[in-house]
Amino acid sequence: DERYSAVVNGGTTGLLKAFAGATGSGAAQGRVVNGQLAPVNYVVSTTSRKKTETIRISLAGGNVKDFSIEPEEEPNPDRIPVTEAHKRGVLDPMTASLLRVPGTGNPLSPDACQGVTSIFDGRMRYELRLAYKRMETIKAKGYQGPSVVCALYFTPVAGYVPDRTAIKYLAAQRDIEVWFAPIAGTRLVAPFKVTIPTPLGTGMLEATDFT
């Protein structure tokens with residue numbers, strides 16, 4: 001009723017692992033204020049063949065108090081600067097993925113796929129917009145039942161290099177999908193699966209255990 005926490009662990013598999021083998025873990029904690037999630041701490045650590053990186057963010061009232069990236073990066077003059085204004089009124093990536101559905105009806109409805117969320121991930125400030133697509137059924141460890149599927153649209157704002165191919169590709173995508181499953185006893189839904197078209201085929205991020 002007053003606090004929330006979320007933890008995720010995972011890694012690449014299959015064809016993707018051959019091209020970009022990586023593992024990672026993340027965690028977020030915060031408070032519940034008037035039914036809304038107010039993040040306090042976020043940390044994510046990823047390990048690839050090239051390096052291990054840890055990002056930490058502390059927030060208060062929707063504003064970034066402090067953040068760090070270890071190891072520190074060399075400044076890139078082509079990167080659009082993140083200003084103090086860009087660090088206000090934002091969520092961390094994990095808190096942003098937990099959607100509170102308004103109203104009193106079934107939270108697994110088109111109402112879940114609404115609005116635009118402002119996110120700061122320790123490096124980039126960007127926006128994600130959702131739009132309803134359809135309903136599906138999930139059968140997996142930890143959850144079996146309906147899922148609401150939303151289209152996901154990515155808009156970079158700051159902290160990115162405009163000429164990067166990956167940024168241009170993501171911003172132009174209109175076929176990214178996110179499957180949401182309910183968190184029992186709440187009006188929150190959480191991502192169960194994400195599909196992203198890539199030049200090599202469809203990339204998929206999917207929970208093997210949804211607790």
| field | Check against side-chain contact (heavy atoms from CB on, under 4.5 Å), Val189 and Leu108 | value | CA-CA 8 Å; Val189 297; Leu108 281 180; 3.9 Å; yes

| task | Carefully, step by step, assess Ser118 and Leu91 under the rule side-chain contact (heavy atoms from CB on, under 4.5 Å). | result | CA-CA 6 Å; Ser118 299; Leu91 297 175; over 6 Å; no

| field | Test side-chain contact (heavy atoms from CB on, under 4.5 Å) applied to Leu59 and Phe67, step by step | value | CA-CA 9 Å; Leu59 307 98; Phe67 71 97; over 6 Å; no

| message | Run Ile196 and Val194 through side-chain contact (heavy atoms from CB on, under 4.5 Å) and show every step you take. | response | CA-CA 7 Å; Ile196 304 175; Val194 181; 4.0 Å; yes

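Counting only residues at least two apart or in different chains, ring pair (Phe, Tyr, Trp, His ring centres under 6.0 Å) contacts with residues 79-113 are absent. Screening residues 103-128 for salt bridge (charged side-chain N to carboxylate O under 4.0 Å, His left out), with sequence neighbours left out, gives Glu53-Arg123, Glu73-Arg123, Arg125-Glu127. Residue pairs that meet the disulfide bond (SG atoms under 2.5 Å apart) test with at least one member in residues 95-160, sequence neighbours left out, are Cys113-Cys150. Judged as a ring pair (Phe, Tyr, Trp, His ring centres under 6.0 Å), the pairs with a partner in residues 135-166 (not counting sequence neighbours) are, in order, Tyr126-Phe154. Residue pairs meeting the side chain to side chain donor-acceptor pair (under 3.5 Å) criterion with at least one member in residues 177-190, sequence neighbours excluded: Lys133-Glu177, Arg134-Glu177. Note on residues 59-72: pairs passing salt bridge (charged side-chain N to carboxylate O under 4.0 Å, His left out), not counting sequence neighbours, are Arg56-Glu70.
Under the ring pair (Phe, Tyr, Trp, His ring centres under 6.0 Å) criterion, Tyr42 pairs with no residue at all, not counting sequence neighbours. Residues satisfying the side chain to side chain donor-acceptor pair (under 3.5 Å) criterion with Glu84, sequence neighbours excluded, are Lys87. Scanning for side chain to side chain donor-acceptor pair (under 3.5 Å) contacts around Tyr169 gives Gln173, with sequence neighbours left out. Residues forming a side chain to side chain donor-acceptor pair (under 3.5 Å) with Arg31 (at least two apart in sequence, or on another chain): none.
There is no path of hydrophobic side-chain contacts, each under 4.5 Å, that joins Val64 to Val157. Cluster annotation: Met94 and Val43 are assigned to distinct hydrophobic clusters (Ile/Leu/Val/Met/Phe/Trp/Tyr, side-chain heavy-atom contacts under 4.5 Å, transitive). The hydrophobic clustering, which links ILVMFWY residues whose side-chain heavy atoms are closer than 4.5 Å, places Ile138 and Phe180 together.
Residues Val178 and Val149 have side chains not in contact (no heavy-atom distance under 4.5 Å, counting atoms from C-beta outward). Between Leu128 and Leu152 the shortest side-chain heavy-atom distance falls below 4.5 Å. Residues Asp163 and Asp78 are not in side-chain contact: their nearest non-hydrogen atoms beyond the backbone lie 4.5 Å or more apart. No side-chain heavy atom of Ile167 sits under 4.5 Å from any side-chain heavy atom of Val161. For the pair Leu170 and Ile176, the minimum side-chain heavy-atom distance is below 4.5 Å. The shortest side-chain heavy-atom distance between Thr117 and Val90 does not fall under the 4.5 Å cut-off.
Although no hydrogens or angles enter the test, the distance criterion places a donor-acceptor pair under 3.5 Å between the side chain of Arg100 and the main chain of Gly35. Thr12 contributes a side-chain N or O that, together with a main-chain N or O of Ala22, makes up a donor-acceptor pair within less than 3.5 Å. Here the side chain of Thr198 pairs no donor or acceptor atom with the backbone of Gly203 at under 3.5 angstrom. Using a distance-only test at 3.5 Å, with no hydrogens or angles considered, no donor-acceptor pair links the side chain of Arg3 to the main chain of Gly30.
Taking CD1 of Ile69 as the reference point, atom CD1 of Ile55 lies at 4.5 Å (rounded to 0.5 Å). How far CD of Gln114 is from CG of Leu130: 9.5 Å, rounded to the nearest 0.5 Å. Asn63 contributes atom CG, which lies 11.0 Å from atom OG of Ser58 (distance to the nearest 0.5 angstrom). Considering CG of Asp92 and CD of Gln29, their distance stands at 9.5 Å, rounded to 0.5 Å. To the nearest 0.5 Å, atom NZ of residue Lys193 and atom OG of residue Ser147 are 8.0 Å apart.
Taking every heavy atom of both residues into account, Ile57 and Gly122 meet most closely at CD1-N, 3.4 Å. In plain terms, the two heavy atoms of Phe192 and Ala181 that are nearest each other are CB-CB, 4.3 Å. Taking each heavy atom of Pro39 and Thr95 in turn, the nearest pair found is CB-OG1, 3.6 Å. Of all heavy-atom pairs spanning Pro107 and Ala112, the tightest one is O-CB, 3.8 Å. Listed here is the closest heavy atom pair of Ser45 and Thr52: OG-CG2, 4.1 Å. Considering all non-hydrogen atoms of both residues, Met124 and Gly159 come closest at CG-O, 3.4 Å.
Ile183 belongs to a hydrophobic cluster whose other members, connected by ILVMFWY side-chain contacts under 4.5 Å either directly or through intermediates, are Tyr4, Val32, Leu37, Leu98, Leu188.
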Donor-acceptor pairs under 3.5 Å, side chain of residues 204-211 to any protein atom, not counting sequence neighbours: which ones?
none

